[in-house]
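Read the numbers this way: they start at 1 and go in the same order the structure lists the ligands and their atoms.
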Amino acid sequence: MKSTLTEQLSRNGYVDPVPVFDRAEADHYRRSFLESLGESGGRPDPHALSGYHLRHRWAYELATTPALLDRVEAMLGPDLVLWASHVWYKPPRSEDIVPWHCDAVYWPVLNRDVNLTAWVALSACHRGNGGLRVIPGSHRTMPHDSHITDIDDSSVPIVELEMTPGQATFFSGYLYHGSERNGSSSPRIAYALRFTRPEVRFERAAVESSFGYLRTILVRGVDRYHYNDFMKTPPPF
Ligand SMILES: O=C(O)CCC(=O)C(=O)O
């Protein structure tokens, strides 16, 4: 498993979708999300979709499922820190798009090289409902330090990931990715978890002024550094 995942990650910047949850588990998590959303009043402010793992037991369980962490460990190593999550929710017939971008440029970390997003499909995700699109190899070939979003689709290779509920892809913070509108009659739902290693320092001033909602949780292994104790939290559930 380790070599296939790390080879794909280093060559393409992402891993082809792999099953992590079975259909019943994915259905459970999708229902749990929709119930949590209902409690917060339906169509949410996007900020309210961040940090579900700190507030909802189901989301923390999903984020720390051994089968998921095994894959993250295969790519990042044995000591793992979960530091953010976001539910990417597009209601039916939603015009919301996510323009091309690479994530790392937005993050308050000193070493952006060591990071992995696990992006878990909780509904089917495909071209017709605004599934995840990636530019293979862009983590190597495109700038890491710029907020480019106006990429002409005809100038880059694009892969539209086709995912069934419970499958996950994993991608580099430097991979350019995005998504189109949901033209279907069903919600398109995915949960993105951000992982790093304990030796990666977060920028304390930036976290405290603008990213106060980020928390580091050691979900596997040992923290020998304690650089980020100012933002650490014990497992919430
Ligand atoms: O799910 C999407 O539409 C976008 C995901 C994304 O940008 C991310 O996880 O960083």
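Near H101, the atoms of ligand 1 lying under 4.0 angstrom from a non-hydrogen atom of the residue are 7 (O), 10 (O). Interface of D103 with ligand 1, defined as ligand atoms under 4.0 Å from a residue heavy atom, comprises 10 (O). Those atoms of ligand 1 with a heavy atom of H177 less than 4.0 angstrom away are 6 (C), 7 (O), 8 (C), 10 (O). Proximity to A192 (heavy-atom distance under 4.0 Å) selects the following atoms of ligand 1: 9 (O). Atoms of ligand 1 lying under 4.0 Å from any heavy atom of S179, numbered from 1 in the order shown and given with element: 2 (C), 3 (O).
Among all protein heavy atoms, the one lying closest to atom 2 (C) of ligand 1 is R188 NH2, 3.2 Å.
With a 6.0 Å cutoff to the six-membered ring centre and a 45° limit on the axis angle, R57 does not count as a cation-pi contact of F237.
Ring pair Y191/F33: centre-to-centre distance not below 6.0 Å. Checked against a 6.0 Å centroid threshold, the rings of F202 and W83 count as neighbours. Between H177 and F171, the distance separating the two ring centers is shorter than 6.0 angstrom.
T117 and R194 are linked by a side-chain donor-acceptor pair at a separation below 3.5 angstrom, with hydrogens and angles left out of the test.
Inclusion of R194 in the set of residues having an N or O under 3.5 Å from an N or O of ligand 1 is warranted. Any N or O atom pair closer than 3.5 Å counts here, and W88 shares at least one such pair with ligand 1.
A donor-acceptor pair under 3.5 Å is absent between the side-chain atoms of K90 and the main chain of E95, judged by distance alone.
Side-chain heavy atoms closer than 4.5 Å link hydrophobic residues (I, L, V, M, F, W, Y) into clusters, and following such links, even through other members, never connects F170 to L132.
The proximity of E180 to ligand 1, defined as any non-hydrogen pair under 4.0 Å, does not occur for either the backbone or the side chain. Contacts between R133 and ligand 1, counted as non-hydrogen atom pairs separated by less than 4.0 Å, are absent for every part of the residue. Neither the backbone nor the side chain of H86 has a heavy atom within less than 4.0 Å of ligand 1. Contact annotation: for F171 versus ligand 1, heavy atoms closer than 4.0 Å belong to the side chain alone.
Ring geometry, F21 versus Y29: the interplanar angle exceeds 60°, so the pair is classed perpendicular (tilted spans 30 to 60°).
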